[in-house]
Amino acid sequence: QTLRRPAALRPRSIARQVYETGLQAFPIVALIAFLISVIVAYIGAKELRDFGQEIYVVDLITLSVLRELAVLLTAIIVAGRSGSAFAAEIGAMKLNDEVDALEAMGLDPVEVLVLPRVLALFIAMPLLTIVADFMGLAGGALLSWSLVDIPFNQFIIRMDEAIAPTTFWAGLLKAPVFGFLIALIGTLRGLQVRGSSRELGRLTTLAVVQGIFLVILADALFAVLYL
């Protein structure tokens with residue numbers, strides 16, 4: 001319905017949600033991606049060193065970060081951070097009868113509260129995934145240089161040989177789907193709040209748990225699809 005009325009998209013609301021769910025999440029997403037990549041590189045380098053194949057740590061880092069780790073870790077962070085915020089914000093509005101007030105004013109709560117958040121995560125998740133990709137590769141390159149003496153230029157050459165043209169896009173295409181699922185379950189649980197603040201807490205927790213579950217389930221379906 002909104003596509004027939006572009007003014008109803010509420011670009012200011014979408015921009016605010018992109019800022020809160022995307023730009024403000026950059027530091028934590030970058031840090032987690034960097035640290036996880038360092039851990040993967042460290043374990044891989046120690047195991048591969050026994051076989052004299054340390055160079056393959058580049059393949060391990062590149063493929064795991066670009067296809068799986070970056071987008072999956074980003075989605076889990078966003079589910080815990082933004083999914084819970086969506087459920088709590090809308091749930092508090094339900095308890096304060098603000099959603100009923102919107103309906104009394106002739107406004108559609110889905111259009112006003114749900115749609116901007118869904119579109120915002122649909123936009124923000126790919127941006128956060130790109131940040132996680134970059135920081136993950138940077139962490140892997142740094143540890144490869146310090147632990148197994150692979151210089152940065154050799155890391156880049158080997159990385160280019162290890163990935164296919166579709167590797168980056170295979171991970172990035174998951175991001176908007178994960179964002180859509182997280183936003184949808186967060187706003188749904190917020191709209192289901194009734195009666196008490198205890199119910200608000202329960203449904204906010206449920207939004208995070210179900211968001212993470214749906215992300216992992218979708219990731220498994222993507223893995224089957226990519227095979």
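In what follows, every heavy atom counts, from backbone to side chain, and hydrogens, waters and symmetry copies are set aside.
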K.L.:
Any side-chain heavy atom of I61 sitting closer than 4.5 Å to one from V57?
P.N.:
yes
K.L.:
Considering non-hydrogen atoms only, spot the tightest contact between F86 and T21 and give its length.
P.N.:
CZ-CG2, 3.6 Å
K.L.:
Are the side chains of L191 and V114 in contact, using a 4.5 Å heavy-atom criterion?
P.N.:
yes
K.L.:
Do I77 and L128 touch side chain to side chain, with heavy atoms closer than 4.5 Å?
P.N.:
no
K.L.:
Hey, does the side chain of S146 reach the backbone of L143 with a donor-acceptor pair shorter than 3.5 angstrom?
P.N.:
yes
K.L.:
Let's go through I14 and I123 carefully: what are the C-alpha distance in whole Å and the side-chain angles of both, what is the deciding distance for side-chain contact (heavy atoms from CB on, under 4.5 Å) to 0.1 Å, and is it a yes or a no?
P.N.:
CA-CA 9 Å; I14 295 173; I123 296 168; 4.3 Å; yes
K.L.:
Please evaluate residues M125 and K174 with respect to the criterion side-chain contact (heavy atoms from CB on, under 4.5 Å), reporting the C-alpha separation (whole Å), side-chain torsions for both, the decisive distance (0.1 Å), and the verdict.
P.N.:
CA-CA 9 Å; M125 271 295 297; K174 301 176 185 179; over 6 Å; no
K.L.:
Taking V110's backbone N and O only, do any of them form a donor-acceptor pair with D108's side chain (distance below 3.5 Å, no angle check)?
P.N.:
yes
K.L.:
Near Q1 CD, under 6.0 Å, is it more than 12 heavy atoms from other residues, nucleotides or ligands?
P.N.:
no
K.L.:
Can you tell me if Y226 uses its side chain to pair, donor with acceptor, with the backbone of A170 under 3.5 Å?
P.N.:
yes
K.L.:
Please name the pair of heavy atoms, one in V65 and one in A132, separated by the smallest distance, quoted to 0.1 Å.
P.N.:
CG1-O, 4.4 Å
K.L.:
Heavy-atom distance under 4.5 Å between the side chains of L147 and R49, does that happen here?
P.N.:
yes
K.L.:
Has Y19 got more than 12 heavy atoms of other residues, nucleotides or ligands less than 6.0 Å from its OH?
P.N.:
no
K.L.:
For residues A87 and R189, report the shortest heavy-atom separation together with the two atoms involved.
P.N.:
CB-CB, 4.5 Å
K.L.:
Answer yes or no: does atom CZ of F134 have more than 12 heavy-atom neighbours from other residues, nucleotides or ligands under 6.0 Å?
P.N.:
no
K.L.:
Is there any ring-ring contact (aromatic ring centres under 6.0 Å, His included) pair reaching into residues 168-194, and which pairs are they, with sequence neighbours excluded?
P.N.:
none
K.L.:
Does the side chain of T167 reach to within under 4.5 Å of the side chain of T62, using non-hydrogen atoms?
P.N.:
no
K.L.:
Starting from V224, can I reach L72 by hopping between I/L/V/M/F/W/Y residues whose side chains sit under 4.5 Å apart?
P.N.:
no
K.L.:
Quick check: are there more than 12 heavy atoms from other residues, nucleotides or ligands sitting under 6.0 Å from CZ of F213?
P.N.:
no
K.L.:
Walk me through it: do S37 and L137 pass the test side-chain contact (heavy atoms from CB on, under 4.5 Å)?
P.N.:
CA-CA 7 Å; S37 178; L137 294 176; over 6 Å; no
K.L.:
What do you reckon, is CZ of R67 surrounded by more than 12 foreign heavy atoms closer than 6.0 Å?
P.N.:
no
K.L.:
Less than 4.5 Å apart, side chain to side chain, heavy atoms only: is that true for L113 and R117?
P.N.:
yes
K.L.:
Evaluate the side-chain contact (heavy atoms from CB on, under 4.5 Å) criterion for residues L142 and F34: first the C-alpha distance (whole Å), next the side-chain angles of each, then the deciding distance (0.1 Å), finally the verdict.
P.N.:
CA-CA 10 Å; L142 183 63; F34 182 87; 3.8 Å; yes
K.L.:
Using side-chain heavy atoms (C-beta onward) and a distance below 4.5 Å, is L9 in contact with L119?
P.N.:
yes
K.L.:
Is it true that R5 and E111 make a salt bridge, defined as a side-chain N closer than 4.0 Å to a carboxylate O?
P.N.:
yes
K.L.:
Check this for me: L3, atom CG, are more than 12 non-hydrogen atoms of other residues, nucleotides or ligands nearer than 6.0 Å?
P.N.:
no
K.L.:
Quick check: is L35 connected to L73 through a chain of hydrophobic side chains (ILVMFWY, heavy atoms under 4.5 Å apart)?
P.N.:
yes
K.L.:
Going by heavy atoms in the side chains, are L95 and V193 under 4.5 Å from each other?
P.N.:
yes
